[in-house]
Amino acid sequence: MSDSITPLVPAEGWHVMHLYYSIDQSQWSLLSESEKREAKTELSQLVQEIRSHPKTQLLVFAVATPKADLGFMLLTPDLQDATHFEKRLTLALGPDVLTPTYSYLSQTERSEYTTTSEQYAQDTLIGEKGLTEGSPEFNEALAEFDERMKHYLQHRLYPVLPDWPAICFYPMSKRRSPHDDYNWYSLDHEARARLMKGHATTGRKYAGKILQLITGSTGLDEHEWGVTLLAKDTMEIKNIVYEMRFDEVSARFAEFGDFYIGMQLPLNELFKRICL
Amino acid sequence: MSDSITPLVPAEGWHVMHLYYSIDQSQWSLLSESEKREAKTELSQLVQEIRSHPKTQLLVFAVATPKADLGFMLLTPDLQDATHFEKRLTLALGPDVLTPTYSYLSQTERSEYTTTSEQYAQDTLIGEKGLTEGSPEFNEALAEFDERMKHYLQHRLYPVLPDWPAICFYPMSKRRSPHDDYNWYSLDHEARARLMKGHATTGRKYAGKILQLITGSTGLDEHEWGVTLLAKDTMEIKNIVYEMRFDEVSARFAEFGDFYIGMQLPLNELFKRICL
Amino acid sequence: MSDSITPLVPAEGWHVMHLYYSIDQSQWSLLSESEKREAKTELSQLVQEIRSHPKTQLLVFAVATPKADLGFMLLTPDLQDATHFEKRLTLALGPDVLTPTYSYLSQTERSEYTTTSEQYAQDTLIGEKGLTEGSPEFNEALAEFDERMKHYLQHRLYPVLPDWPAICFYPMSKRRSPHDDYNWYSLDHEARARLMKGHATTGRKYAGKILQLITGSTGLDEHEWGVTLLAKDTMEIKNIVYEMRFDEVSARFAEFGDFYIGMQLPLNELFKRICL
Amino acid sequence: MSDSITPLVPAEGWHVMHLYYSIDQSQWSLLSESEKREAKTELSQLVQEIRSHPKTQLLVFAVATPKADLGFMLLTPDLQDATHFEKRLTLALGPDVLTPTYSYLSQTERSEYTTTSEQYAQDTLIGEKGLTEGSPEFNEALAEFDERMKHYLQHRLYPVLPDWPAICFYPMSKRRSPHDDYNWYSLDHEARARLMKGHATTGRKYAGKILQLITGSTGLDEHEWGVTLLAKDTMEIKNIVYEMRFDEVSARFAEFGDFYIGMQLPLNELFKRICL
Amino acid sequence: MSDSITPLVPAEGWHVMHLYYSIDQSQWSLLSESEKREAKTELSQLVQEIRSHPKTQLLVFAVATPKADLGFMLLTPDLQDATHFEKRLTLALGPDVLTPTYSYLSQTERSEYTTTSEQYAQDTLIGEKGLTEGSPEFNEALAEFDERMKHYLQHRLYPVLPDWPAICFYPMSKRRSPHDDYNWYSLDHEARARLMKGHATTGRKYAGKILQLITGSTGLDEHEWGVTLLAKDTMEIKNIVYEMRFDEVSARFAEFGDFYIGMQLPLNELFKRICL
């Protein structure tokens with residue numbers, strides 16, 4: 001990127017863009033077979049280029065129902081890069097072929113409700129397990145916890161996303177309803193942390209079946225968070241979202257945007273799927 | 001489907017897609033008579049192909065009012081197949097002829113509020129009817145109930161849809177209003193089961209006149225459920241939806257999307273109906 | 001209609017479609033003068049054909065403001081016919097000339113809040129007027145009432161719509177607000193009947209000036225009812241809708257869609273009005 | 001207008017149409033210089049023709065921001081005329097050049113909250129000023145009041161709009177919120193009159209700086225009233241609307257649509273402004 | 001500007017327009033290389049012309065996600081100029097290339113909640129710091145405060161915007177919810193001033209990292225204020241908006257529109273970024 005451009009890299013974490021397009025099959029049909037081949041090659045090469053950019057991931061998927069045909073999820077540190085990749089992806093099949101139908105900008109971020117080392121030592125090790133502070137068992141358990149949290153934080157800020165076939169995205173916000181019991185932002189941190197903890201418990205039941213990534217978008221896009229679920233099975237997606245709806249934090253405080261279901265596919269299979 | 005594609009088949013039930021299109025008559029008018037014949041043949045053959053796919057149903061209908069002209073309801077286990085069929089249906093009359101106007105993705109699912117064998121034995125057979133547990137009458141009645149429930153579950157998960165002429169679709173959600181008495185997801189299971197039971201009673205009055213299929217879409221599409229009503233008469237559709245609106249579960253907790261009315265027709269009649 | 005098509009005729013009443021279109025003047029301008037004449041003739045002949053279909057009425061009107069240019073209101077028993085007429089009307093001026101901007105599907109229906117013969121005898125004749133049951137005055141008054149109700153019901157189910165110049169349409173629903181005092185569907189029948197009676201009283205003040213037709217659309221389209229007002233004067237339309245807004249039933253329980261104002265015109269005048 | 005057309009002239013007042021268009025510059029660019037000149041001449045002549053129609057005013061203005069480019073405000077008694085003028089204005093620059101982006105239909109109307117002669121005599125002259133009924137001072141003051149009210153009513157029903165440069169339009173409704181203290185239509189006339197009086201007091205502070213015209217649209221268009229503000233300065237528009245928002249009648253009961261800001265210009269300047 | 005045009009310059013402050021466009025790449029691709037060069041030169045020259053207009057600033061930026069490609073923020077005293085610049089910017093790349101996707105009109109304005117000289121003397125200098133009125137320390141501190149406030153007011157009314165890379169815009173309103181505790185416009189000035197003060201405290205924590213400009217739009221556009229944030233880092237944008245959401249004034253009273261993230265770039269870099 002040119003020297004005259006100031007990078008926009010967050011102090012921690014990456015920028016994340018979700019991009020959804022429909023194919024203008026009428027424009028596509030105007031291309032000759034060799035032009036179509038070229039167009040597909042150009043998109044394939046751009047996908048390669050983006051994937052080989054440092055610290056950058058690009059998921060590519062077919063989208064279910066005519067809400068969209070093709071989707072991308074792009075993770076990269078610098079918003080300057082992200083925007084340029086996005087504009088080029090939109091054009092890669094030719095100037096009129098991809099019509100944007102939905103998009104979302106967010107950033108990976110740490111959770112403010114994560115249990116701290118101090119809380120864990122006090123509440124769990126000393127309080128629940130009756131360990132003595134500084135004892136070998138205590139030290140070992142705390143080191144283990146710290147290691148787990150480090151991995152967890154690493155996944156929140158710098159996730160490595162697997163190629164599981166099903167990908168669900170939806171944006172959400174916390175309510176500020178004109179009713180004191182339904183206004184998330186009027187709650188104190190402790191109350192919010194307690195509510196989030198119940199939610200996390202539900203999430204953990206799906207470990208190994210659902211990989212969930214929460215990214216922040218307050219000030220960046222229409223809602224306050226984006227939620228990406230990777231799964232091996234759409235039924236698990238339905239189950240986790242449904243089950244979480246009964247968690248108090250969702251039942252009282254969550255507002256959801258629309259849901260998009262995609263299928264990660266190798267590019268050659270993707271082209272067949274969406275009739276290119 | 002290629003070996004490099006992981007099937008997305010739910011552990012139980014099928015994927016369901018509702019697809020609504022309007023005809024771009026201007027594009028259609030550009031085709032020659034023989035091109036039109038070919039296009040109609042291609043759609044007809046695709047409909048045949050989909051209908052002969054294992055465990056797959058495809059309903060085809062004309063849609064009332066210019067909200068849409070043509071509608072499909074597709075039921076098939078694997079979302080990979082469903083998406084490919086959907087993209088091909090969109091294109092079958094030519095690249096510009098069908099414009100998607102509405103769609104919905106859901107899955108058949110069991111109801112969590114079904115009376116269990118144990119509840120029925122305790123509440124109805126022993127409680128209401130005064131039968132002795134393990135007595136021949138008790139055993140027979142319970143076996144009958146189990147058989148009925150098996151059929152009911154079979155219909156929920158693997159429905160066989162008749163060719164009744166009228167088809168109504170609407171999506172719906174349960175409210176999480178910022179008011180404790182209007183928040184479905186804050187109710188406990190027992191309260192929800194009681195409310196759903198009243199609803200089912202209304203539904204049973206229309207047995208033989210209305211076939212109702214509830215499919216789940218939490219996490220899959222904009223609302224939480226899709227409702228498909230097949231009927232021999234649109235007045236019955238109006239009556240059942242109106243009557244159910246007074247059930248407490250609808251009056252207090254239901255949010256409805258838009259309603260789409262279609263007419264199942266043989267393809268040759270359908271083409272005439274929508275002026276192809 | 002072909003024998004392979006099952007009619008969709010309600011047990012009582014007719015189907016009603018409101019159709020609104022804007023003219024694509026750019027497409028229209030591409031036609032030669034003789035093509036324009038032909039297109040107008042085709043629409044005129046179709047209007048004639050529909051109007052001569054049994055039990056069928058078709059109102060044709062110019063629409064005020066660019067919300068739409070041309071409107072139709074179609075009343076006919078069979079939804080199969082209604083849909084076919086609708087698709088043909090959309091195409092009658094050529095494949096690209098009429099663009100649908102709004103539509104509504106409903107059915108004529110009896111009111112569930114009409115005073116019954118028994119109620120009238122008890123409350124009005126015996127209660128208010130002090131007549132003796134079975135007396136000649138009583139019998140005559142009751143026969144008169146029954147005759148009036150028969151006519152009223154006939155108008156609700158099988159209305160004959162006059163060619164009054166102004167036509168207003170709007171859809172509406174009754175609220176199910178998350179507040180017990182604003183939830184129509186939680187009220188019992190008696191409370192609803194009382195509220196509707198006040199509304200009817202307002203309506204009767206406009207007898208001869210406004211002809212009002214309420215048609216049901218729960219399960220058929222986005223709202224629960226369609227309201228068509230025929231008038232000789234738009235000021236009366238404004239007055240009745242405004243006055244009714246203060247009736248408790250509207251003030252607390254009504255949700256309104258958008259309002260469309262049209263002018264019934266002979267076809268030759270209509271063509272001039274909308275610059276065809 | 002043809003004899004076969006029934007005029008639609010309100011018993012008092014005029015019809016009012018607000019019309020907003022964007023220019024399709026791509027279509028415009030296809031015209032030759034002489035075609036462009038002709039198109040502008042045609043629009044200019046139509047504006048002249050409409051302005052010379054009896055009892056008819058037409059304001060023409062450029063619109064700020066790409067919400068629209070060109071706006072008209074049309075006041076004329078007969079809705080038949082208004083609609084025909086509107087369809088012709090839409091076409092005057094050629095069939096594809098003006099794309100409608102927003103419109104609003106309303107009628108001039110008297111306020112139901114105006115102080116009556118009797119109220120003024122009783123409350124102000126006798127009550128506040130201590131005058132004796134029938135005394136010369138009383139009679140003179142009452143005659144003055146009646147004259148003032150006559151002018152006020154004249155302005156409400158038959159306004160003469162000045163060519164002040166700034167024109168603001170927005171539609172509004174009074175709330176029927178599901179909460180007893182926020183439901184305008186559940187208030188009695190006295191309470192409403194009191195609230196409106198406070199509002200009028202704010203309005204009078206802007207006399208000479210803002211000319212405000214309230215027109216009624218219940219039953220005619222999406223909201224219940226249209227508000228047109230003519231001003232010499234957009235800051236005054238911002239100030240009056242902001243200040244009125246604190247009046248109880250707005251703070252509790254007003255719902256606003258979007259706001260459109262235009263600039264009245266001579267046609268030749270207007271064409272330059274919007275790059276025709 | 002022509003003499004026949006009345007300037008629309010507010011008594012204090014400037015007009016502000018935010019303009020967002022997407023590129024119609026299909027139209028762009030129809031241009032030859034030299035036409036593209038010319039088009040870019042024309043836009044560059046117009047940007048120069050606007051920037052050299054007295055008291056006028058024009059920020060130019062690429063926009064993240066397909067919500068838009070190109071954005072402008074224009075500050076200039078006269079709305080007549082602003083509108084003409086806006087229409088010309090829309091056309092500068094050719095008649096079809098820039099499609100407006102969002103825009104916002106507002107004015108710079110003073111805050112009504114700024115601490116006055118008198119309040120500061122009384123509350124802070126005499127009250128908190130215990131200074132004696134008229135003492136040298138008092139006088140010096142007050143003069144310092146007055147100077148600071150003068151600068152602050154200057155920035156609110158006549159801001160000089162830096163070329164920081166990230167620019168965020170969102171519109172917002174204060175709630176008038178049908179609930180007494182959530183209705184901003186029913187609060188008295190003191191209560192509002194107290195709530196705004198808490199908000200300002202949060203804002204000051206980001207001094208040097210975020211430059212915030214609040215502009216007023218009541219009566220001018222859809223919301224009541226526009227908020228422009230200039231930053232060196234998008235993470236700071238996310239942080240400030242998120243943190244402020246917990247301020248009581250946001251938690252209870254703020255309604256937000258959508259958020260737009262742009263990157264200020266030199267024009268040659270901008271053209272590359274958006275693939276022109």
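Below, read A as the first sequence line, B as the second, and so on, with proteins coming before strands; counting in each chain starts at 1. The figures that follow rest on heavy atoms only: side chains count, while hydrogens, waters and symmetry mates do not. Everything quoted here is computed from the prediction, not taken from an experiment.
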Legend entry - Separation of Thr90(C) OG1 from Ile274(B) CD1 (nearest 0.5 Å): 12.0 Å
Inset, instruction - Quick one: pull up OG1 in Thr6(C) and CG in Asp163(B) and give me the separation to the nearest 0.5 Å. - result: 7.5 Å
Legend entry - Atom pair OG1/NZ of Thr215(C) and Lys238(B) - distance to nearest 0.5 Å: 9.0 Å
Legend entry - Heavy-atom pairs under 4.5 Å with chain C, option from Ile240(B), Leu265(B), Thr234(B), Asn239(B) with the top count: Thr234(B)
Inset, instruction - Check each atom of Glu86(C) against the heavy atoms of chain B and say whether the ones under 4.5 Å are side chain, backbone, both or neither. - result: side chain
Legend entry - chain B-proximal positions within residues 99-113 of chain C [heavy-atom distance under 4.5 Å]: Pro100(C), Ser103(C), Tyr104(C), Leu105(C), Gln107(C), Glu109(C), Glu112(C), Tyr113(C)
Inset, instruction - Among Phe253(B), Phe246(B), Tyr260(B), single out the residue with the greatest number of heavy-atom pairs under 4.5 Å to chain C. - result: Phe246(B)
Inset, instruction - Count the heavy-atom pairs under 4.5 Å between each of Arg176(C), His223(C), Lys174(C) and chain B, then report the option with the highest count. - result: Arg176(C)
Legend entry - Residues in residues 182-192 of chain C near chain B [non-hydrogen atoms, under 4.5 Å]: Asn183(C), Tyr185(C), Ser186(C), Arg192(C)
Inset, instruction - Mind checking the OG-NE2 spacing from Ser177(C) to His179(B)? Nearest 0.5 Å is all I need. - result: 10.5 Å
Inset, instruction - Select all residues of residues 15-34 of chain C having any heavy atom within less than 4.5 Å of some heavy atom of chain B, and report them by number, or 'none'. - result: His15(C), Met17(C), Leu19(C), Tyr21(C)
Legend entry - Gap between atom OG1 of Thr83(C) and atom CZ of Phe61(B) - 0.5 Å precision: 12.5 Å
Legend entry - For chain C, the option from Arg252(B), Lys272(B), Arg245(B) that forms the most heavy-atom pairs under 4.5 Å: Arg245(B)
Inset, instruction - Below 4.5 Å from any heavy atom of chain C, which atoms of Val63(B) appear? Answer side chain, backbone, both or neither. - result: backbone
Inset, instruction - State the OH-OG distance between Tyr242(B) and Ser217(C), to the nearest 0.5 angstrom. - result: 11.5 Å
Legend entry - Pairs of heavy atoms under 4.5 Å with chain C: top-ranked of Ala64(B), Ala62(B), Ala166(B): Ala64(B)
Inset, instruction - Select one option (side chain, backbone, both, neither) describing which atoms of Leu91(C) are under 4.5 Å from chain B's heavy atoms. - result: side chain
Legend entry - Which portion of Ala254(B) sits near chain C, non-hydrogen atoms under 4.5 angstrom: both
Legend entry - For Met263(B) against Leu8(C), the heavy-atom pair lying closest together: CG-CD1, 3.4 Å
Inset, instruction - Could you note down all residue pairs passing salt bridge (charged side-chain N to carboxylate O under 4.0 Å, His left out) where residues 48-74 of chain C supplies at least one of them, sequence neighbours left out? - result: Glu49(C)-Arg88(C), Lys67(C)-Asp258(C), Lys67(C)-Asp221(D), Asp69(C)-Lys87(D)
Legend entry - Reference residue Leu220(C); test side chain to side chain contact (heavy atoms under 4.5 Å, CB included); the match among Ile261(B), Thr65(B), Val241(B): Ile261(B)
Legend entry - Segment of Val97(C) engaging chain B (4.5 angstrom heavy-atom cut-off): neither
Inset, instruction - Measure distances from Tyr170(B) to the heavy atoms of chain C and classify the residue's part below 4.5 Å as side chain, backbone, both or neither. - result: neither
